[in-house]
**Student:** 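Can you read through this structure? Questions will come right after.
All residue numbers in this chain count up from 1 along the given sequence. Not measured: the values here are computed from a predicted model.
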Amino acid sequence: MSVQPASWTPGQIAALNDVRATISAYKPPFGTAQSIAERAKVPSQGIPEGVHVSCELAPLPLTSLHPSAQPQSNQKDAKVMLHAHGGGNVSGRPTEERFISFFSRALRALVKKSGTQGASAPIIAAPSHRLATVRENVFPAALQDLFSAYHYLISKGFSAKNITITGDSAGGNLAVILTYIISQSSLQMPGRVVLFSPTADLTHASYTSSSHDIISLSTYQACFSQYLGNFPANNPLASGVLIPFTASWPKTLVMTGTADNTAASSRIIVSRIQEAGGRVELVEYPDLSHAFWMYPKIFPQSDNGLERLATFAYN
């Protein structure tokens with residue numbers, strides 16, 4: 001029997017039990033991979049009003065969202081949210097309904113903030129990186145794709161200082177490692193980094209196993225073992241908590257919930273950036289589980305996280 005946080009209502013408990021049961025039954029697929037065409041397919045329905053969704057194929061399927069009522073922005077001035085999606089590196093694509101919903105909520109928050117500053121319309125760019133469901137797509141395929149996406153945005157004229165690299169869950173780990181890889185390249189660093197509860201310790205040493213969270217330790221282990229293949233988890237290219245941060249690291253915002261079994265990843269990243277002399281902020285939401293940002297009907301506080309993201313991107 002799960003011991004639930006005292007603040008959870010009966011409705012929240014019932015909804016989260018359903019989510020937990022679905023995730024517990026999930027087994028990481030292996031043996032097949034979606035084609036580029038499948039990864040690039042834009043849904044014909046389910047797109048919220050006021051949001052335009054498109055997908056281009058070079059250098060990989062890159063889904064873009066911007067306000068449909070506003071013309072596309074001047075690339076040099078536009079704020080861009082480059083997002084690495086969650087899914088344990090074995091599931092998900094940006095054009096799935098759950099991510100379109102998340103991106104649309106984030107876009108509304110960004111548009112609201114841009115309007116107060118008279119800024120160009122913001123853009124969300126979400127690469128459909130390769131998933132570790134076949135041998136050739138295991139580490140480092142996803143990171144290669146994300147680096148290509150960042151390079152592509154720079155080559156298209158978007159300013160690095162206006163790019164906020166974001167990621168949620170496993171995508172949060174990819175996002176922070178992507179930023180580290182950029183720091184070792186000839187490309188300019190992004191202006192900001194925002195992480196939603198990054199699962200950034202693939203050794204699992206810092207994770208807890210409380211039964212109230214929606215994802216079990218065994219599920220994390222199965223997904224990340226498949227993602228890494230033979231690559232060691234105790235390498236900073238695998239586990240973002242091990243990155244040798246420096247004082248020049250981009251300004252970073254990290255958000256997590258105190259009922260999240262992976263919350264320690266967020267705290268470790270923040271502590272190490274602080275120790276290196278970087279600028280970083282940690283926001284911990286009391287009694288929120290992993291993936292709270294994806295469930296606004298269960299956790300209304302998740303919209304506060306998107307408002308923080310927007311404020312952070314424009315400040």
**Student:** Roughly how far, to the nearest 0.5 Å, is the CE atom of Met294 from the CZ atom of Phe299?
**Tutor:** 13.5 Å
**Student:** Quick one: does Tyr220's side chain have a donor or acceptor within less than 3.5 Å of a partner on Ile215's backbone?
**Tutor:** no
**Student:** How close do Arg105 and Trp293 get, heavy atom to heavy atom, and via which atoms?
**Tutor:** NH1-O, 2.8 Å
**Student:** Does Trp249 share a hydrophobic cluster with Val194, counting links as ILVMFWY side-chain heavy atoms below 4.5 Å and allowing steps through other members?
**Tutor:** yes
**Student:** Distance-only criterion, 3.5 Å: show the donor-acceptor pairs between side-chain atoms of residues 132-140 and protein atoms not counting sequence neighbours.
**Tutor:**
unit_1: Thr133; atom_1: OG1; unit_2: Thr32; atom_2: O; d: 2.7
unit_1: Asn137; atom_1: ND2; unit_2: Leu131; atom_2: O; d: 3.3

**Student:** Are any of the side-chain nitrogens in Arg93 or Glu38 under 4.0 Å away from the carboxylate oxygens of its partner?
**Tutor:** no
**Student:** Any sub-3.5 Å donor-acceptor pair from Asp168's side-chain atoms to Gly86's backbone N or O?
**Tutor:** yes
**Student:** Quick one: pull up CG in Leu82 and CZ in Arg192 and give me the separation to the nearest 0.5 Å.
**Tutor:** 15.0 Å
**Student:** Please verify the inter-ring angle class for Trp8 with His212; under 30° counts as parallel, over 60° as perpendicular, anything in between as tilted.
**Tutor:** perpendicular
**Student:** Heavy-atom distance under 4.5 Å between the side chains of Val176 and Phe245, does that happen here?
**Tutor:** yes
**Student:** With side-chain hydrogen bond (donor to acceptor under 3.5 Å, both in side chains) as the criterion, how do Ser218 and Ser216 come out once you've worked through the C-alpha distance, each side chain's angles and the decisive distance to 0.1 Å?
**Tutor:** CA-CA 5 Å; Ser218 62; Ser216 67; 3.0 Å; yes
**Student:** For Ser114 and Pro122, which heavy atoms make the closest approach, and how far apart are they?
**Tutor:** OG-CD, 3.8 Å
**Student:** Side chains of Pro61 and Ile36, heavy atoms from C-beta outward: is any pair under 4.5 Å?
**Tutor:** yes
**Student:** Just how far is it from atom NZ of Lys112 to atom CG of Leu306, taken to the nearest 0.5 Å?
**Tutor:** 12.0 Å
**Student:** In this structure, are over 12 heavy atoms from other groups packed under 6.0 Å from Gln221 atom CD?
**Tutor:** yes
**Student:** Between Arg308 and Glu281, does any NZ, NE, NH1 or NH2 come within less than 4.0 Å of an OD or OE carboxylate oxygen?
**Tutor:** yes
**Student:** If you look at every heavy atom in Pro59 and Ser148, which pair is closest and at what distance?
**Tutor:** CG-O, 3.7 Å
**Student:** Under 3.5 Å, is there a donor-acceptor pair between the Ser206 and Asp201 side chains?
**Tutor:** yes
**Student:** How far apart are the closest heavy atoms of Phe312 and Val193, and which atoms are they?
**Tutor:** CE2-O, 3.7 Å
**Student:** With no hydrogens and no angle check, is any side-chain donor or acceptor of Arg272 less than 3.5 Å from a backbone partner on Val241?
**Tutor:** yes
**Student:** Taking Ser197 for its side chain and Thr256 for its backbone only, find out whether a donor-acceptor pair lies under 3.5 Å.
**Tutor:** no
**Student:** At what distance, to the nearest 0.5 angstrom, does OG of Ser68 lie from NE2 of His52?
**Tutor:** 8.5 Å
**Student:** Find out whether Leu195 and Ile269 are in side-chain contact, i.e. whether some heavy atom of one side chain is under 4.5 Å from a heavy atom of the other.
**Tutor:** yes
**Student:** Would you say the rings of Phe196 and Phe102 are close, in the sense that their centroids are separated by under 6.0 Å?
**Tutor:** yes
**Student:** Hey, is the main chain of Ala21 close enough, under 3.5 Å, to the side chain of Ser24 for a donor-acceptor pair?
**Tutor:** no
**Student:** Let me see the working for Ile298 and Leu16 under side chain to side chain contact (heavy atoms under 4.5 Å, CB included), right down to the final yes or no.
**Tutor:** CA-CA 8 Å; Ile298 301 176; Leu16 289 169; 3.9 Å; yes
**Student:** Any non-hydrogen side-chain atom of Leu217 less than 4.5 Å from a side-chain atom of His204?
**Tutor:** yes
**Student:** Is there a path from Leu228 to Ile177 through hydrophobic residues (I, L, V, M, F, W, Y) whose side chains come within less than 4.5 Å of each other?
**Tutor:** yes
**Student:** Step by step, work out the side chain to side chain contact (heavy atoms under 4.5 Å, CB included) result for Leu253 and Val283.
**Tutor:** CA-CA 8 Å; Leu253 170 65; Val283 178; 4.0 Å; yes
**Student:** So does Ile181 get a backbone contact from the side chain of Gln184, meaning a donor-acceptor N/O pair under 3.5 Å?
**Tutor:** no
**Student:** Please determine whether side chain to side chain contact (heavy atoms under 4.5 Å, CB included) holds for the pair Ser239 and Asn234, giving the CA-CA distance in whole Å, both sets of side-chain angles, and the decisive distance to 0.1 Å.
**Tutor:** CA-CA 6 Å; Ser239 296; Asn234 61 350; over 6 Å; no
**Student:** Contact between His129 and Leu174 at the side-chain level, heavy atoms closer than 4.5 Å - yes or no?
**Tutor:** yes
**Student:** Measure from the side-chain N and O atoms of Arg20 to the backbone N and O of Asp213, and report whether any donor-acceptor pair falls under 3.5 Å.
**Tutor:** yes
**Student:** With side chain to side chain contact (heavy atoms under 4.5 Å, CB included) as the criterion, how do Val42 and Thr63 come out once you've worked through the C-alpha distance, each side chain's angles and the decisive distance to 0.1 Å?
**Tutor:** CA-CA 8 Å; Val42 175; Thr63 300; 5.8 Å; no
**Student:** Considering all heavy atoms of both residues, which atom of Gly191 and which atom of Pro250 are nearest to each other, and what is their separation?
**Tutor:** O-CB, 3.9 Å
**Student:** Quick one: CD1 on Ile273 to OG1 on Thr246, what's the gap to the nearest 0.5 Å?
**Tutor:** 9.5 Å
**Student:** When rounded to the nearest 0.5 angstrom, what distance separates OH in Tyr152 from CG in Leu146?
**Tutor:** 15.5 Å
**Student:** So with a 6.0 Å cut-off around CZ of Arg279, is the heavy-atom count from everything else above 12?
**Tutor:** no
**Student:** Can you check whether Pro28 reaches Tyr227 side chain to side chain, under 4.5 Å on heavy atoms?
**Tutor:** no
**Student:** Side chain of Tyr295, backbone of Ser302: donor and acceptor closer than 3.5 Å?
**Tutor:** no
**Student:** Please determine whether residues Leu178 and Phe231 belong to a single hydrophobic cluster, defined as Ile, Leu, Val, Met, Phe, Trp and Tyr linked transitively by side-chain heavy-atom distances below 4.5 Å.
**Tutor:** yes
**Student:** Does a side-chain heavy-atom distance below 4.5 Å link Met81 with Leu110?
**Tutor:** yes
**Student:** Between His83 and Phe99, is a ring pair (Phe, Tyr, Trp, His ring centres under 6.0 Å) present by the stated rule, with each step listed?
**Tutor:** CA-CA 10 Å; His83 189 81; Phe99 288 115; 7.2 Å; no
**Student:** How close do Ser289 and Ile214 get, counting heavy atoms only, and between which atoms?
**Tutor:** OG-CG2, 4.0 Å
**Student:** Treat each ILVMFWY residue as a node, draw an edge where side-chain heavy atoms are under 4.5 Å apart, and state whether Phe158 and Ile182 are in one component.
**Tutor:** yes
**Student:** Go through the steps for Gln188 and Tyr150 under the test side-chain hydrogen bond (donor to acceptor under 3.5 Å, both in side chains), then give the verdict.
**Tutor:** CA-CA 10 Å; Gln188 285 187 298; Tyr150 182 80; over 6 Å; no
**Student:** Return yes if a side-chain donor-acceptor contact under 3.5 Å exists between Asp77 and Ser120, otherwise no.
**Tutor:** no
**Student:** Under 4.5 Å between side-chain heavy atoms, hopping through other hydrophobics if needed: is there a path connecting Leu60 to Ile154?
**Tutor:** no
**Student:** Given side chains that start at C-beta, do those of Leu309 and Glu307 come closer than 4.5 Å, heavy atoms only?
**Tutor:** no
**Student:** Is a side-chain donor or acceptor of Thr203 paired with a backbone partner of Ala205 at a separation under 3.5 angstrom?
**Tutor:** yes
**Student:** For atom NZ of Lys41, decide whether the heavy atoms of other residues, nucleotides or ligands shown that lie under 6.0 angstrom number more than 12.
**Tutor:** no
**Student:** Whether the side chain of Asn173 engages the backbone of Gly240 through a donor-acceptor N/O pair (distance < 3.5 Å, no angle test) should be reported.
**Tutor:** yes
